[in-house]
Amino acid sequence: MRIAVLGTGPVGHALATRLVHLGHDVWMGSRDAAGEKVVAWAAQQGDRAHAATFADAAHEAELLVNATGGSVSLEMLASIDEADLEGKVLVDVSNPLDFSQGFPPRLAPAIDDSSAEQIQRAHPGARVVKALNTMNCDVMADPSLVRGPHTVFVAGDDIAAKAAVVDLLASFGWPRPDIVDLGGLIASRGLEAYVLFWVNVRMALGTNHFNIAVVR
Ligand SMILES: NC(=O)c1ccc[n+]([C@@H]2O[C@H](COP(=O)([O-])OP(=O)(O)OC[C@H]3O[C@@H](n4cnc5c(N)ncnc54)[C@H](OP(=O)(O)O)[C@@H]3O)[C@@H](O)[C@H]2O)c1
């Protein structure tokens with residue numbers, strides 16, 4: 001598949017690299033297609049990896065991953081031609097963290113909204129699916145880093161788009177019973193709010209390589 005990973009941070013790097021290794025053609029998007037990070041990543045990953053602007057990456061891709069901060073995602077997506085979002089699955093990995101008042105961060109949108117819903121409202125033609133925002137990026141791309149069964153969540157209003165994302169997660173190594181569908185995109189409110197708790201657990205454990213498991 002042709003996939004745009006919109007973001008050059010640790011999440012963009014981890015997911016784009018995993019996707020290339022799985023045989024996809026991947027465009028890593030940045031504000032600057034000649035930027036150091038995106039050029040170095042593409043050079044390391046070979047023929048299937050491409051450096052691009054956010055707009056060009058989206059133009060090339062059939063499926064997109066938003067791996068930018070929740071507070072800049074709308075600005076990033078505004079740089080993309082609306083026609084290049086129309087009908088495409090957009091996996092939203094973002095968290096709307098606000099570090100402006102130091103650490104630990106605050107959550108930016110109100111409790112009765114979420115970054116994912118803001119993105120969906122701003123781009124109604126995109127098929128937004130919230131996923132993977134509840135764990136560190138190494139674990140997103142390689143769930144075997146955490147021992148035993150542990151859980152990844154999906155939420156979205158488009159059933160077929162969600163099914164496509166579930167397949168993608170399964171290809172990363174997530175066992176299907178551990179992929180929990182929370183229903184509509186409104187569930188992103190809880191998924192994004194959870195990150196505050198994730199930060200506390202991270203500080204207590206001193207490692208990024210953990211996750212939660214929903215035990216029935
Ligand atoms: N780190 C994790 O393990 C983790 C886990 C779960 C969820 N998340 C979430 O995943 C997202 C990505 O996190 P990250 O740490 O990998 O990267 P990040 O530092 O949050 O974002 C990096 C990307 O943001 C772009 N960017 C920054 N300011 C921008 C602006 N004003 N307009 C447009 N684009 C802008 C950068 O563009 P350039 O390439 O041009 O510099 C870069 O591509 C965040 O929402 C984060 O909360 C992270």
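Order of listing sets the numbers, starting from 1, for every ligand and every atom in it. Every value quoted in this text rests on a predicted model; they were computed, and no experiment measured them. Numbers for residues simply follow the sequence, beginning at 1.
- Here the closest non-hydrogen pair linking Ser115 and Asp92 is C-OD2, 4.2 Å.
- Checked against a 3.5 angstrom limit, the closest N/O atoms of Asn133 and ligand 1 fall outside it.
- With respect to atom 19 (O) of ligand 1, the closest heavy atom belonging to the protein is Gly9 CA, 4.7 Å.
- Polar contact check, Leu97 against ligand 1: no nitrogen or oxygen pair lies under 3.5 Å apart.
- Ala16 and Met28 get closest at one heavy-atom pair: CB-CE, 3.9 Å.
- Ring planes of Phe210 and Trp198: parallel class, angle under 30° (limits at 30 and 60°).
- Ligand 1 places these atoms under 4.0 Å from at least one heavy atom of Ser30: 38 (P), 39 (O), 40 (O).
- The protein atom (non-hydrogen) at minimum distance from atom 9 (C) of ligand 1 is Val93 O, 3.5 Å.
- In terms of protein heavy-atom proximity, atom 15 (O) of ligand 1 is nearest to Pro10 CD, 3.5 Å.
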Salt bridge (charged side-chain N to carboxylate O under 4.0 Å, His left out) evaluation trace for Arg176 with Asp167: CA-CA 9 Å; Arg176 288 180 186 268; Asp167 287 345; 2.9 Å; yes

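- Here the shortest heavy-atom distance to atom 31 (N) of ligand 1, taken over Glu192, Glu75, Met135, Arg202, belongs to Glu75.
- Summary of contacts: the protein heavy atom closest to atom 44 (C) of ligand 1 is Thr68 O, 3.4 Å.
- Among all non-hydrogen protein atoms, the one lying nearest atom 18 (P) of ligand 1 is Gly69 N, 4.5 Å.
- Taking every heavy atom of Ser94 and a limit of under 4.0 angstrom, the matching atoms of ligand 1 come to 45 (O).
- Shown here for Ile179 and Val154, the closest heavy-atom pair between the two residues is CG2-CG1, 4.2 Å.
- Heavy atoms only, all atoms of each residue included: Ala42 and Ala51 are closest at CB-N, 3.8 Å.
- Not a single heavy atom of His13 sits under 4.0 Å from any atom of ligand 1.
- For Ala187 against Ala155, the heavy-atom pair with the smallest separation is CB-CB, 3.9 Å.
- If you take CG on Leu90 and CD on Gln120, they are separated by 8.0 Å, rounding to the nearest 0.5 Å.
- The closest protein non-hydrogen atom to atom 1 (N) of ligand 1 is Val11 CG2, 3.6 Å.
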side-chain hydrogen bond (donor to acceptor under 3.5 Å, both in side chains) between His209 and Asp138, intermediate numbers included: CA-CA 7 Å; His209 293 175; Asp138 301 334; 2.9 Å; yes

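- In terms of N/O distances under 3.5 Å, ligand 1 is not approached by Leu132.
- Atom 34 (N) of ligand 1 has as its closest protein heavy atom Phe54 CE1, 3.7 Å.
- For Gly7, the heavy-atom gap to ligand 1 drops under 4.0 angstrom.
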Check against side-chain hydrogen bond (donor to acceptor under 3.5 Å, both in side chains), Asp32 and Ser30: CA-CA 5 Å; Asp32 177 7; Ser30 175; over 6 Å; no

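- The distance from the OG1 atom of Thr68 to the CD atom of Glu75 is 9.5 Å, given to the nearest 0.5 Å.
- Each of the atoms 45 (O) of ligand 1 lies under 4.0 Å from some heavy atom of Gly70.
- The protein non-hydrogen atom at the shortest distance from atom 43 (O) of ligand 1 is Thr8 N, 2.8 Å.
- Residue contact check for ligand 1: Lys37 places no non-hydrogen atom closer than 4.0 Å to it.
- In terms of polar-atom proximity, defined here as any N/O pair under 3.5 Å, Thr134 makes no such contact with ligand 1.
- Near Met140, meaning under 4.0 Å from one of its heavy atoms, ligand 1 places the atoms 5 (C), 6 (C), 7 (C).
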Stepwise salt bridge (charged side-chain N to carboxylate O under 4.0 Å, His left out) test for Arg106 and Asp98: CA-CA 5 Å; Arg106 298 164 64 236; Asp98 172 6; 3.0 Å; yes

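- Nearest-residue assignment for atom 30 (C) of ligand 1 (options Glu36, Arg31, Met28; heavy-atom criterion): Arg31.
- When the side chains of ILVMFWY residues are joined at heavy-atom separations under 4.5 Å, either directly or via intervening members, Met135 and Leu107 end up in two distinct hydrophobic clusters.
- The closest approach between Trp198 and ligand 1 stays at or above 4.0 Å for every heavy atom of the residue.
- Residue Asp32 has no N or O atom closer than 3.5 Å to an N or O atom of ligand 1.
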Steps toward side chain to side chain contact (heavy atoms under 4.5 Å, CB included) verdict (His21, Gln45): CA-CA 9 Å; His21 290 174; Gln45 298 301 323; 3.3 Å; yes

